[in-house]
Each structure stands twice: as C-alpha cells, then as structure tokens.
Protein chains: 2
Amino acid sequence: MHASLTMKKIAKELGVSVSTVSRALQNHPRIGAQTTEKVQKLARELHYEPNSRAINFKNKKSYNIGVVLPYLTEQYFSIALSGIEETLAGKGYNMVVMQSRNDYERELAAISSLIRHGVDGILVSMASETYNKSHFNDATHKVPIVFFDRVLKHPKYGAVYGDITKAAFDMVQFLITKGHQNIALLNGPNSLQATTEREKGYIDALRYHSLAINQQYIKNLNLTKEDTILKINELLNLATPPEVILAFHDYIALDAMEVCKQRGLKINQDISFVTFSNLSFCSYLDNPPIATVEQFPGELGSQAARLLLEAIEQPETYVPREIVIEPKLIVR
Amino acid sequence: MHASLTMKKIAKELGVSVSTVSRALQNHPRIGAQTTEKVQKLARELHYEPNSRAINFKNKKSYNIGVVLPYLTEQYFSIALSGIEETLAGKGYNMVVMQSRNDYERELAAISSLIRHGVDGILVSMASETYNKSHFNDATHKVPIVFFDRVLKHPKYGAVYGDITKAAFDMVQFLITKGHQNIALLNGPNSLQATTEREKGYIDALRYHSLAINQQYIKNLNLTKEDTILKINELLNLATPPEVILAFHDYIALDAMEVCKQRGLKINQDISFVTFSNLSFCSYLDNPPIATVEQFPGELGSQAARLLLEAIEQPETYVPREIVIEPKLIVR
DNA sequence: CAAATTTGCGCAAACGATTGTAAGTACGCC
DNA sequence: GGCGTACTTACAATCGTTTGCGCAAATTTG
C-alpha cells in the first residue's frame with residue numbers, strides 16, 4: 001500500500017524544485033512549456049495524486065459536511081440524506097453522517113465529534129429530546145450550522161422546513177369537506193416545533209369551519225410504541241370515538257391500526273387514518289391511510305445543503321435565513 | 001466565527017515556546033508543574049481546541065472511513081450503516097457515506113472521491129451493475145477496502161457476508177417439510193454473487209429432497225419493477241404455477257403480490273411468499289410473507305467496520321479475511 | 001550595444017501541531 | 001569549588017503543498 005508519492009519525489013527525479021512541480025501541475029503560465037509537459041507526463045506515469053490531507057490543512061478546509069439526524073433507518077431521513085448527498089456531491093463535498101437516536105447527549109457528542117474531525121459545516125435535524133440548545137450556539141462559533149426538518153428557529157441559524165401548519169390545515173379541511181366531524185390528532189412529542197405547528201393547523205381548520213375543538217381528541221405521543229397504544233386506546237374508549245385519526249407519522253398510524261384491528265374495527269370503514277409522511281411501503285397496504293402529506297424530504301435536504309454551502313463558500317455575504325417547502329396533500 | 005486560536009497564540013501570551021504549550025497540554029513529564037498548570041488554564045479559558053486538519057496532516061490519518069453502498073433509502077443498507085456508525089464511533093472514527101445507486105460509474109466516482117478526500121479506509125457493498133472490478137484494485141493500493149453484504153471474494157479484500165446458500169437451503173427445506181412442492185425462485189440480478197449462491201441453496205435443497213428442478217421456476221430479476229411484473233406473470237402463466245414463491249427481497253415480494261392480487265389470487269391461500277430480507281414494515285401487512293430470512297445487516301456492517309479498523313490500525317499483522325454471518329430463518 | 005523587459009525557475013515561508021535534540025539553570029555530592 | 005545529574009524549556013525539523021519574491025538568462029527595445 002501507499003508508497004506515499006509526493007511532489008518532492010517528482011521534483012528530485014526531474015532535477016527541478018518542488019515549487020516548479022506544483023506550478024507545472026497547475027499549468028501556471030510562469031513555467032515553461034517543456035517543463036510543464038515533462039512534469040505532467042511523469043506525474044501521470046507515476047499516478048501522482050496530491051495529498052488531500054496537506055491541501056485540507058493548507059486551505060483550512062476539508063470539503064466534508066457533517067450531518068446529524070435522529071435515525072438513519074427512518075425512511076424520511078434517509079431520503080433527506082439522499083438529497084443532501086446529491087447536492088453536496090455536485091459541489092465536491094462529501095458528507096459525514098451521525099445519528100442522534102433522538103438523544104440529547106448523543107447529539108451533543110456527534111456535533112463535537114464532527115467539529116473535532118474538521119467538517120466545514122453541519123446540517124442538523126434535531127433530536128426530539130433536545131431541550132437545551134446551547135451546544136448549537138457553541139458549535140456555530142466554529143462552523144456554520146443549517147437545520148433541516150426539525151429546526152431551531154433563530155436568526156443565527158439557517159433552516160429549511162415544511163409548512164406543517166398549512167399541511168395540517170389542508171388535511172383537516174380535506175377531511176371536513178369529505179363530511180368528517182370527529183377528527184382526532186395523534187401528534188408528536190412536545191419538544192418538537194412541528195408538534196405545535198401541526199396542532200395549530202388542526203385547530204385553525206376546525207375553527208375556520210366552525211367546528212368545536214375537543215381537547216380529548218388531541219394526543220401527544222413520545223415515540224414509543226407503548227405510548228402510541230395507550231393513546232389510541234384512550235381515543236377509542238371515548239364516549240364519541242373519532243371517525244378519522246390524523247397521525248403525524250406512518251408508523252404511528254400502523255401501530256394504531258393494529259390496535260383498531262385487534263378491537264375488531266375495520267380500517268377505512270369503522271375508522272380511517274390520514275398521515276403526515278408519505279412512506280413508500282404504505283401503498284402496499286390493503287387498507288392504506290386515505291390521505292397523506294408529502295413533505296419532500298429529499299428537497300428539504302437538498303435545499304439545506306445548498307444553504308450551508310452558501311454559508312461556507314460566501315461567508316461575507318451569507319445571512320442565515322429560513323426556507324419553507326410547501327407540503328402537498330395526497331389523496332389515495 | 002473562528003478566531004483561529006492556535007498554540008502559537010497561547011505560547012506568545014504566556015511567553016513560552018510552542019513546543020512547551022504542546023507538551024504541557026499532553027501532560028508531558030518534562031514540563032514543570034506550574035508551567036503545565038498555567039498553559040492548561042489559559043487553554044481552557046480561551047476554549048482552545050487543536051486544529052484537526054493539522055493533526056490529520058501530521059498523522060497521515062483523517063479518522064474518516066468511506067462507505068459506498070447502493071441506496072441509503074433501502075432499509076437493509078441503512079441498518080447496515082447504523083451498525084457501521086456504532087462501531088466506528090466507539091473507536092473515534094466517523095463515516096463518509098456515498099451511494100452508488102447500483103451504477104458502476106457512480107461507484108467508481110464515489111471511491112475516487114473518498115480517496116481524494118483522504119479517508120483512511122473504505123467499506124463497500126457493490127453496485128449490482130459493477131462488472132469491471134479493477135477500480136477496487138486501484139483503490140486498495142491507497143487505502144484498505146473491506147466489502148460487506150455484496151462482496152467481491154478475492155484474497156486481497158476483507159469481506160463480511162451472510163451464508164446465502166445455507167439460508168436458501170434452509171428456507172426451501174422448510175417449505176418442503178411444510179408439504180410444498182412447487183417452489184419458484186424470484187432471484188436477483190446475475191451480477192451479484194448472492195444470486196448464484198441463492199440459486200445453489202435452492203437447487204441443493206430440492207435435490208436433497210429428491211425433487212425435480214424446474215428451470216422455469218427460476219427467474220433472475222434486474223431490480224426494475226417492470227421486470228418483476230413480467231417475471232411473476234411468466235410464473236403465473238405456467239401450466240403448473242408455483243404454490244410458493246421465494247423472493248430475494250421484500251419489495252420484490254410486495255410487487256409480485258400486487259400482481260397476484262390483480263389476477264384474483266388470494267395471498268397465503270392460493271399462493272404464498274417467502275422472502276430474504278426481514279424489513280420491519282412487513283409485519284404490518286395483512287398477509288405478510290409466511291417466512292423470511294433475517295440477515296442481520298447491522299451485524300454485517302459492524303463486523304465489516306471492525307475488520308476495516310483492524311486493517312487500518314494494525315496494517316503489519318492484518319490479513320484480509322472473510323467473515324460469514326449465519327442468517328436465521330423466521331417463520332411468521 | 002546598453003538598458004529595459006520578459007521568461008523561467010528556485011528559495012523560503014507559511015499553514016498548526018509534534019518531537020528529537022540541545023541548552024540552560026539548579027541542585028547535590030565528593 | 002568543580003562536576004555530574006535532574007529538571008525545565010527552547011530550537012528546529014518535519015509532514016506536503018502553495019505562493020510571494022527574487023534572481024538569473026533570454027529577449028526585446030531604443
């Protein structure tokens with residue numbers, strides 16, 4: 001492995017100086033044509049490749065971007081990651097990926113590890129358990145940070161996210177116009193901004209259509225399966241159980257559907273579901289959620305990557321800003 | 001951002017030399033107690049962090065590992081990636097992820113990009129369209145390569161994979177003991193080693209139980225949905241259509257099931273499915289494949305990462321080797 | 001033909017940290 | 001008091017590349 005071929009060797013071989021080799025390889029005009037040719041020929045023959053570690057050191061850049069997200073195995077995030085990869089690859093950057101597993105400590109460790117490894121910037125989709133946000137503040141003194149999807153809204157950070165309030169509003173409005181009245185909301189954890197916005201859209205739509213708001217229809221989940229089962233049972237045990245359940249995630253809907261089936265309810269007949277994530281496998285279900293919201297995670301990731309690259313490459317003119325991606329209602 | 005605090009500044013501030021600062025921060029015994037204390041105190045106050053780019057340069061290491069796999073969005077690979085991340089993080093390494101999208105050119109570009117970015121080693125799960133393998137040979141002159149799952153078996157490379165032949169054998173044997181005779185195989189593309197092995201296990205099991213091998217029951221797919229639909233229709237159009245179909249992937253089974261349903265067949269009644277990947281959402285199906293093979297992708301990734309780290313950290317004693325992970329038959 | 005300009009190339013510093021070697025001081029011992 | 005031994009710290013080289021500057025030789029100009 002690695003004979004460690006440097007410019008020095010090429011220079012010695014040809015009896016010229018290292019600086020001449022360097023300039024010849026860059027086609028610098030101050031180097032003569034024959035010398036340039038001679039150097040490039042030998043470099044090609046020896047398969048010379050510049051030492052990226054030395055170049056990174058000199059340029060104070062690594063061309064690596066850190067990405068911190070809750071779970072790689074969640075399709076939503078892996079699609080976002082795909083979008084990020086695509087955008088970065090086009091600009092010569094690679095991505096270093098770490099999972100927070102929705103854990104604050106891990107998120108902290110991931111960010112500091114990325115900084116220690118010398119990434120040029122960081123894309124973050126926050127862990128649901130992140131209540132203390134000061135580590136982002138510390139980190140941003142070192143490298144620019146852009147949030148995507150699970151964002152921290154603050155003028156200091158760039159952020160790319162979907163308009164959850166509107167998505168929830170549209171969804172509820174769709175259900176109302178379909179004739180539904182008893183619509184429950186299986187919402188996410190309180191720590192996520194999206195949870196608040198989803199609830200707002202839900203309430204706004206009910207108000208807009210002059211329907212009563214039943215607080216018992218609104219449940220916040222903590223992302224564990226037990227809690228989902230608990231909360232769906234609470235809904236089904238109500239005097240007037242909901243006809244439609246708005247689940248913030250496909251997997252939540254699936255778990256809830258299981259409970260319904262066990263209780264003898266027929267999905268899309270006795271009770272229907274709509275969701276907030278459009279995962280590919282749902283189309284294979286016999287009774288899929290009747291509607292869903294496409295949030296374009298790939299686009300989210302891609303835009304966030306673009307924003308971060310701007311922060312890295314034009315730091316003088318860059319102003320952190322927020323980009324909103326319009327979600328789209330999909331009726332099955 | 002970045003005031004670029006270096007040892008030089010600390011040294012100047014305290015009127016000592018840079019080397020003293022360096023050694024004081026390492027608690028080197030040659031530096032006096034007060035000096036060490038003084039340096040560390042100031043470093044703490046100024047939030048000094050060593051410049052990782054300079055250290056990477058000096059150590060000729062980046063503590064970054066490249067990972068090239070077909071698709072991030074395939075749950076199987078994202079689980080493997082999770083396993084890789086976990087193992088690497090424990091050893092102070094981060095991972096740089098790239099997708100080949102099963103395309104040879106992209107795989108090539110990914111590997112050379114990783115090398116240019118200075119990763120210390122590369123984990124690869126090969127693209128299905130990779131017929132020419134010479135780029136791996138070129139790359140391994142620069143950094144060690146370890147394959148996982150979709151491996152290239154060659155003494156030069158480490159490799160971690162599942163025993164597909166045994167898995168297929170066990171699966172077919174299970175079906176035979178359940179009384180099935182007409183078992184078809186929807187296999188992967190020819191370019192993948194696993195395809196050959198799966199076919200071998202399938203044939204071995206039939207032979208072992210003295211059953212005839214019907215070549216019409218064996219179909220190789222090219223991973224496009226159209227091809228899957230075409231091949232499943234060919235199977236169903238046979239004079240004696242199969243009772244059970246062994247699909248090499250859950251998504252293939254799902255697409256095939258769709259076709260069956262459209263043709264009025266009842267899943268798990270008129271025709272059954274078994275698969276070779278145990279994706280989480282299948283448990284939510286009303287009629288899931290009756291059996292599947294758990295291949296432990298996380299374990300695969302984790303072991304591959306361990307092997308690669310060995311190649312990187314003990315290059316003198318490292319000998320490339322193959323690690324086989326025993327798959328497990330799961331009956332639903 | 002001398003002066004001015006261009007052309008071609010090497011020297012050396014720089015990036016930030018590590019580390020072998022040297023050099024200085026203080027101490028104890030005979 | 002001189003010398004060996006600790007002890008403490010500084011100097012300088014090094015990793016591989018880039019780049020400003022300077023110095024020759026070649027060429028053009030008046």
Side-chain angles (χ1 to χ4, degrees), chain A residues 1-40 42-43 46-63 92 115-120 142-143, chain B residues 1-43 46-64 92 115-120 142-143:
Chain A
M1 217 166 308
H2 38 268
S4 184
L5 172 65
T6 70
M7 286 189 173
K8 202 189 265 179
K9 296 216 175 116
I10 296 183
K12 190 177 287 176
E13 185 78 20
L14 295 174
V16 297
S17 78
V18 179
S19 48
T20 300
V21 174
S22 172
R23 281 190 254 252
L25 290 175
Q26 305 173 64
N27 285 309
H28 195 289
R30 313 271 324 222
I31 302 299
Q34 311 97 326
T35 311
T36 299
E37 183 50 43
K38 191 170 69 173
V39 169
Q40 295 192 353
L42 185 60
L46 300 180
H47 297 110
Y48 168 77
E49 292 210 33
N51 180 315
S52 55
R53 245 97 67 172
I55 293 177
N56 290 346
F57 170 49
K58 194 149 210 328
N59 292 348
K60 303 173 188 303
K61 282 198 67 170
S62 66
Y63 294 91
I115 290 180
R116 272 200 314 278
H117 276 72
V119 296
D120 299 334
K142 303 254 177 190
V143 294
Chain B
M1 218 167 305
H2 37 268
S4 184
L5 172 65
T6 70
M7 287 190 172
K8 202 189 267 178
K9 295 217 174 117
I10 296 184
K12 189 177 290 175
E13 185 76 21
L14 296 173
V16 298
S17 79
V18 179
S19 50
T20 301
V21 173
S22 172
R23 280 189 253 253
L25 290 174
Q26 305 172 67
N27 284 311
H28 195 290
R30 272 173 37 186
I31 302 298
Q34 312 96 323
T35 310
T36 299
E37 182 48 42
K38 190 171 67 171
V39 169
Q40 293 191 355
K41 181 160 173 289
L42 184 60
L46 300 181
H47 297 108
Y48 169 77
E49 291 211 32
N51 180 317
S52 55
R53 244 98 66 173
I55 293 178
N56 289 347
F57 170 49
K58 190 142 210 336
N59 294 349
K60 301 171 189 304
K61 282 198 68 170
S62 67
Y63 293 92
N64 279 147
I115 290 180
R116 272 199 315 278
H117 275 72
V119 297
D120 298 334
K142 303 254 177 187
V143 294

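Treat the numbers as computed from the prediction; the structure is a model and nothing was measured. Order of the sequence lines sets the chain letters (A, B, ...), proteins ahead of strands, with each chain counted from 1.
Counting any heavy atom pair closer than 4.0 Å across all strands shown, A/Val16 reaches sugar-phosphate atoms only and no base atom. Among the atoms of the strands shown, only primed sugar atoms or phosphate atoms (P, OP1, OP2) are found under 4.0 Å from some heavy atom of A/Gly15. A/Thr6 comes within contact range of the sugar-phosphate backbone alone, with a heavy-atom separation under 4.0 Å but no base atom that close.
Distance CG (B/Leu25) to P (D/dT9): 14 Å, rounded to an integer number of Å. In this structure, B/Lys38 atom NZ and D/dT8 atom C1' are separated by 12 Å, rounded to whole Å. Separating the NE2 atom of B/His28 from the P atom of D/dC7 is a distance of 14 Å, rounded to the nearest angstrom.
Heavy atoms from other residues, nucleotides or ligands lying under 6.0 Å from NE2 of B/His28 number more than 12.
Taking only side-chain nitrogens and oxygens, B/Gln34 never comes nearer than 4.0 Å to OP1 or OP2 of D/dT8. Here B/Gln26 does not reach the OP1 or OP2 of C/dA17: none of its side-chain N or O atoms lies under 4.0 Å away. Regarding contacts with the backbone of D/dG16, every side-chain N or O of A/Tyr48 stays at 4.0 angstrom or more from both OP1 and OP2. OP1 or OP2 of C/dG16 has not a single side-chain nitrogen or oxygen of B/Ser52 nearer than 4.0 Å. Contact between the side-chain N/O atoms of A/Lys9 and the OP1/OP2 oxygens of D/dG16 is not found at any separation under 4.0 Å. Within the 4.0 Å cut-off from OP1 or OP2 of C/dG10, at least one side-chain nitrogen or oxygen of A/Ser17 is found.
Counting only heavy atoms from C-beta outward, the side chains of B/Asn56 and B/Tyr63 approach each other to under 4.5 Å. Looking only at side-chain heavy atoms (C-beta outward), A/His117 and B/Asn64 come within less than 4.5 Å of each other.
Position along DNA chain C of the nearest nucleotide to B/Phe57 versus A/Arg30 favours A/Arg30 as the more 5'-ward residue. Remark on DNA chain D: of its neighbouring residues A/Asn51 and B/Lys58, the 5'-side contact belongs to B/Lys58, judged by nearest-heavy-atom nucleotide.
If you check D/dA10, C/dA17, C/dG16 against the side chain of A/Lys60, the one that comes closest is C/dG16. For A/Ser22, whose side chain is taken as the heavy atoms from C-beta onward, the closest listed nucleotide among D/dT19, C/dC15, C/dA17 is D/dT19. For A/Arg23, taking side-chain heavy atoms from C-beta onward, the closest of the listed nucleotides C/dG16, D/dT19, D/dG16 is D/dT19. With distances taken from any side-chain atom of A/Ala54 to the nucleotides D/dT17, C/dA17, C/dC15, the minimum falls on D/dT17.
For A/Glu13, the salt bridge (Lys or Arg N to Asp or Glu O under 4.0 Å) criterion is met by no residue, not counting sequence neighbours.
One donor-acceptor pair, N or O on each side, does fall under 3.5 Å between the base of C/dC11 and the side chain of A/Ser19.
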